[in-house]
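What follows is a short report on a single structure.
Only heavy atoms go into these numbers, but all of them, side chains included; no hydrogens, no water, no symmetry mates. When a ligand or atom number is given, it counts from 1 through the structure's own listing order.
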Amino acid sequence: MEVVVKKDYDEISKLAAKMIADVIKSKTKPVLGFPTGSTPIGTYKELIRLHKEEGLDWSKVSTFNLDEYVGLEPKHDQSCYYFMWENLFKHINIRKESIHAPNGVAKDIVAFCKWYEDEIIKTGGIDVQLLGIGGNGHIAFNEPGSSLGSRTRIKTLAKETIKDNARFFKTSDEVPKYAITMGIGTIIEARELILLANKETKADAISKAIEGPITAMVPATVVQMHPRTTIIVDKPAASKLTREYIAEPRVLKTTKTN
Ligand code: PGA
């Protein structure tokens with residue numbers, strides 16, 4: 001596990017985008033896992049810049065999103081799909097059929113979740129999974145108490161998550177109460193994880209995720225078990241860490257593998 005502490009949001013976003021771009025360039029059929037939320041927006045902006053100004057090619061890339069609110073159509077302006085379309089996909093040359101996201105209006109959610117898991121495997125598995133972290137330590141919508149071995153399924157959102165996300169809706173009553181989320185067991189099968197966090201509001205969750213004991217009560221602690229995890233945080237998010245951490249990740253030499 002590598003913990004990289006950067007000066008600010010701009011620096012964490014640029015580093016995460018560079019690491020993702022390196023994966024895209026090193027694979028013939030790259031498979032990327034993406035989160036929504038405010039944290040990855042800077043990374044997506046930089047990935048768009050790399051496409052527009054440096055020709056980063058997305059034509060062979062497949063993506064899987066972490067989660068979606070139950071009851072929201074992809075066209076709903078607060079759906080995770082809409083967020084991804086507006087903040088990344090519509091700006092790059094990805095094939096629409098290579099974009100995968102949980103279907104919040106699936107008639108049979110259990111069957112859909114199984115299909116989603118199978119699709120990840122059929123596509124070759126996720127090469128790199130980008131993650132944010134909730135103030136309560138969740139990853140995707142795996143709230144505290146989620147099994148560390150959980151698979152894609154429906155989850156009830158925690159009160160704190162509904163409160164945190166109310167800023168995107170007119171009132172907190174409009175925030176959906178359920179979501180479909182990749183499980184923690186699904187997430188840690190990705191070949192590489194990048195966990196991003198900025199702002200002091202994440203300092204507590206980051207300190208527990210990195211320096212605390214592994215526990216289902218802080219789902220992000222599971223990244224400690226993954227052999228290739230990079231946690232990239234800005235100084236405010238790192239403010240409760242007690243050990244010294246590096247400012248640059250080691251250079252990973254990658255070769256074309258699929
Ligand atoms: P945020 O959310 O990026 O909007 O802070 C992260 C999360 O809840 O996982």
Does the K6 side chain pair with the main chain of I232, one donor and one acceptor, at a distance under 3.5 Å?
-> no
Should side-chain heavy atoms under 4.5 Å link Ile, Leu, Val, Met, Phe, Trp and Tyr, which residues sit in the same cluster as I162?
->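 Answer for I162: Y69, L72, F141, L157, F168, F169, V175.
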Cut-off 3.5 Å, side chains only: do R153 and S147 have a donor facing an acceptor?
-> no
Table of N or O contacts for ligand 1, cutoff 3.5 Å:
from, atom 1, to, atom 2, distance (Å)
ligand 1, 3 (O), S38, N, 3.2
ligand 1, 3 (O), T39, N, 2.9
ligand 1, 3 (O), T39, OG1, 2.4
ligand 1, 4 (O), S38, N, 2.9
ligand 1, 4 (O), S38, OG, 2.9
ligand 1, 4 (O), R167, NH2, 3.2
ligand 1, 5 (O), T39, OG1, 3.4
ligand 1, 5 (O), K202, NZ, 2.5
ligand 1, 8 (O), H138, NE2, 2.6
ligand 1, 9 (O), H138, NE2, 3.2

Determine, for K14 against E11, whether the closest basic-nitrogen to carboxylate-oxygen distance falls under 4.0 angstrom.
->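 Result for this pair is no, no salt bridge flagged.
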In one Ile/Leu/Val/Met/Phe/Trp/Tyr side-chain cluster, 4.5 Å: Y81, V105 |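 No, it is not one cluster - the side chains of Y81 and V105 are not joined through contacts under 4.5 Å.
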On the ring face of W85, is K96 found with NZ or CZ under 6.0 Å from the centre and within 45° of the axis?
-> yes
